[in-house]
Amino acid sequence: MRTRFAPSPTGPLHLGHAFSAMVAHDMARAAGGEFLLRIEDIDQSRARTAWEAAIFEDLSWLGIRWSEPVLRQSSRMPAYERALMQLARFGLLYPCACRRRDIEAALEAPQEGALPLGPDGLIYPGTCRGRAMSERDEGDALRLDMARAMALIGGEIAFEEVGPEHEGYHRFTTEEMIAGVGDVVLARRGMGTSYHLAVVVDDAAQGISHVVRGADLFEATKIHVLLQRLLALPTPAYHHHRLIRDENGRRLAKRDDARAIARYRAEGASPDDIRAMVGL
Ligand code: GLU
């Protein structure tokens with residue numbers, strides 16, 4: 001078994017991150033497996049090395065040990081580019097110049113009420129679909145043509161969930177992927193990759209057997225499994241754990257400094273206190 005914790009160094013580690021890291025770490029240790037760390041810093045406008053150092057420090061303090069080397073996504077751009085080129089060769093990508101307001105306007109026209117939302121935001125109405133890759137401008141994103149992608153892999157994706165909340169085998173048809181996910185962005189404007197593409201390429205590169213992460217990413221897993229199929233990468237097992245919430249039931253975010261591990265440390269809490277706070 002090999003698990004990982006993949007934080008973005010864009011703020012302090014809070015109770016929710018600590019819980020995620022501990023679940024992944026404990027699971028690997030209990031099975032005599034390995035626990036790895038990956039720094040998800042593709043968004044260079046938000047990532048800071050100071051946050052990265054703070055993450056290492058908090059994790060060490062929690063008693064978490066990881067195998068070296070730590071993989072940094074900012075050093076992996078050639079691998080993401082290769083994956084994109086492979087998808088482009090299959091005829092599955094197209095450049096897209098739409099901004100959020102264009103997408104909203106296109107969706108509002110035929111639609112009354114709530115706009116269709118998928119795991120990656122608004123379901124793209126297909127305005128730029130059919131544009132050739134040779135027309136790609138510097139300011140364009142790259143989208144996956146979902147209908148073509150599903151046709152190429154034979155019309156169904158599936159994965160095994162081993163976490164308690166959604167335990168079982170999950171299957172999704174072409175219709176569900178088109179209506180519920182749509183043409184997702186795989187290379188964001190000015191970034192050359194996206195969370196979805198990078199996480200898939202790197203989970204495979206690090207040989208992750210069990211992806212442990214928050215239940216908020218359960219729906220995004222269908223995108224990841226589809227990309228694994230398209231790129232001929234193995235599909236790991238998934239364990240989506242419950243989210244740590246504040247007293248109002250809201251999930252914790254990076255801005256929740258009050259629940260930062262560093263803050264509890266400064267106030268004299270022990271690693272066992274942190275475990276107890278998140279129910280471990
Ligand atoms: N960097 C992502 C996050 O902090 C990790 C997502 C994942 O584990 O797949 O939410």
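Along the sequence shown, residues carry numbers from 1. Nothing here was measured: the structure is a model prediction, and the numbers come from that model. Numbering of ligands and ligand atoms starts at 1, following listing order.
Each of the following atoms of ligand 1 lies closer than 4.0 Å to a heavy atom of Glu40: 1 (N), 2 (C), 5 (C), 6 (C). Set against the non-hydrogen atoms of Val199, the atoms of ligand 1 under 4.0 Å away are 9 (O). Of all atoms in ligand 1, listed by their number and element, those nearer than 4.0 Å to a heavy atom of Tyr195 are 6 (C), 7 (C), 9 (O).
For the side chain to side chain donor-acceptor pair (under 3.5 Å) test with Ser67, the passing option among Arg2, Glu34, Gln206 is Glu34; the others fail. Under the side-chain contact (heavy atoms from CB on, under 4.5 Å) rule, Pro9 has a single partner from Glu52, Arg72, Arg46, which is Glu52. Test Pro7, Ser8, Ser74 against Asp41 for side-chain contact (heavy atoms from CB on, under 4.5 Å) and you get one pass: Ser74.
Proximity of Arg4 to ligand 1, defined as any heavy-atom pair under 4.0 Å, is confined to the side chain (atoms from C-beta onward). With a 4.0 Å cut-off on non-hydrogen atoms, Leu217 touches ligand 1 through its side chain and not its backbone.
Between the side chains of Ser20 and His241, at least one donor N or O lies within less than 3.5 Å of an accepting N or O.
Counting only non-hydrogen atoms, the option in Gly16, Pro7, Ala6, Ser8 that gets closest to atom 5 (C) of ligand 1 is Ala6.
Note: His224 and His196 meet the aromatic proximity criterion, with ring centroids under 6.0 Å apart.
Where the criterion is an N or O separation shorter than 3.5 Å, residue side chain and backbone included, Val211 fails it with respect to ligand 1.
Counting heavy atoms of neighbouring residues, nucleotides and ligands inside a 6.0 Å radius, atom CZ of Arg29 exceeds 12 of them.
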